[in-house]
Amino acid sequence: MKRRSIALAAASTVAGLAAATVLTQSAQATDVARTSVVKPTVVLVHGAWSDASSWHGVTKRLQSEGYTVDAPAVPLRGLSGDANYLSDYLKTIKGPIVLVGHSYGGSVITQAAAANTNVSALVYIAAFAPDKGETASELTAKFPGSHISDDPNAQIPTALSPVPFNDNGTTGVDLYIKPDKFRDVFLSDRVGSRQANALAAAQRPVTAQALGEPTGTPAWKTIPSWYLVASGDHLISPAAERFMAERAHAHTSEVNAPHGVLLTDPAAVSRVIQQAARTTAK
């Protein structure tokens, strides 16, 4: 009986060890599967009247989650030129890309991503998502609610200051938001005057040509899209944002924030980007 008990105990031990080995191998395989998912590079594209530093709060959050983040400077000189510049930049990145645009940057990503198979998702943050032939200026005027002009017949929106320039024989007009309008138009009075004044002083102008240039083939027709509507936006009407998001069949969420939502609510912006990254992960 003793020998039989010892044999049974030994057999039980062997079976237990075998089961434990199977479980360990299964857990290791699961861990490998998890770690084998490649996180995309997140490319953050700023719009008019801001620059790449406006993504600072978003960048910190994404980097803390292990994402590689690029925030290139956009020339803001003309839509086709800006889109070509970004298109060339994207070609230097290996692997999947989540391409994010704010404001006019949405127009840029819409055109720049059209022929890039590495772009797995587009994310619009209070941004233009134009269809073929549409302009940013046209979409701004399409719905009521924008504070960029109080005269619909004005050639230059009344909240903007035109500054002519001559760049090696190429002439144009840069558009700045007037300092006394910046806090309302860009930030919906959601930040203090000191911060708003500092941001207004450092704003990057956009040319009238860029805002008035028609869009080419829109990438959102073939690439999955996400859209964060800023329901307190005074630059692009929230109604226009909802219209563009619905038309693009974008995964849409809203936050009560101004046009400069990436400055005031970077956590909300980061969550939308991470959702797009996880959903399209390969």
In Å, rounded to the nearest 0.5 Å, how long is the span from [atom1] of [X] to [atom2] of [Y]?
| X | Y | atom1 | atom2 | answer |
| --- | --- | --- | --- | --- |
| Met244 | Glu241 | CE | CD | 6.0 Å |
| Trp55 | Lys60 | CH2 | NZ | 15.5 Å |
| His46 | Leu262 | NE2 | CG | 11.0 Å |
| Ile273 | Arg61 | CD1 | CZ | 11.0 Å |

Quick one: does any side-chain atom of [X] pair with a main-chain N or O of [Y] as donor and acceptor, under 3.5 Å?
| X | Y | value |
| --- | --- | --- |
| Asp82 | Leu76 | yes |
| Ser146 | Ile148 | yes |
| Ser270 | Pro266 | yes |
| Ser225 | Ile223 | yes |
| Ser149 | Asp151 | yes |
| Thr215 | Lys132 | no |

Does any part of the side chain of [Y], heavy atoms only, come nearer than 4.5 Å to the side chain of [X], both counted from C-beta?
| X | Y | result |
| --- | --- | --- |
| Tyr104 | Leu79 | yes |
| Pro224 | Leu122 | no |
| Val123 | Leu228 | no |
| Val100 | Val98 | yes |

- Counting only heavy atoms not in Gln63, do more than 12 sit closer than 6.0 Å to its CD atom? yes
- Just wondering, are more than 12 heavy atoms of other shown residues or ligands nearer than 6.0 Å to NZ in Lys178? yes
- Item | Whichever hydrophobic residues join Phe165 through chains of side-chain contacts under 4.5 Å | none
- Task: May I ask you to list the residues sharing a hydrophobic cluster with Val163, side-chain cutoff 4.5 Å, ordered by chain and number?
- Result: Tyr176
- Please assess Asp88 against Lys91 for the test salt bridge (Lys or Arg N to Asp or Glu O under 4.0 Å), listing each intermediate value before the final yes or no. CA-CA 5 Å; Asp88 288 342; Lys91 291 172 185 174; 3.8 Å; yes
State, without any angle test, whether [X] and [Y] hold a side-chain donor-acceptor pair at a distance under 3.5 Å.
| X | Y | result |
| --- | --- | --- |
| Asp51 | Ser53 | yes |
| His259 | Asp233 | yes |
| Asp174 | Thr207 | no |
| Thr135 | Glu213 | no |
| Ser253 | Tyr227 | no |

- Task: Not counting sequence neighbours, which residues clear ring-ring contact (aromatic ring centres under 6.0 Å, His included) with Phe143? List them please.
- Result: Phe243
- Please walk me through it: do Glu254 and Arg242 pass salt bridge (Lys or Arg N to Asp or Glu O under 4.0 Å)? CA-CA 9 Å; Glu254 293 200 20; Arg242 295 183 190 107; 2.7 Å; yes
- Let me see the working for Asp167 and Arg77 under salt bridge (Lys or Arg N to Asp or Glu O under 4.0 Å), right down to the final yes or no. CA-CA 11 Å; Asp167 183 8; Arg77 277 336 208 192; 5.2 Å; no
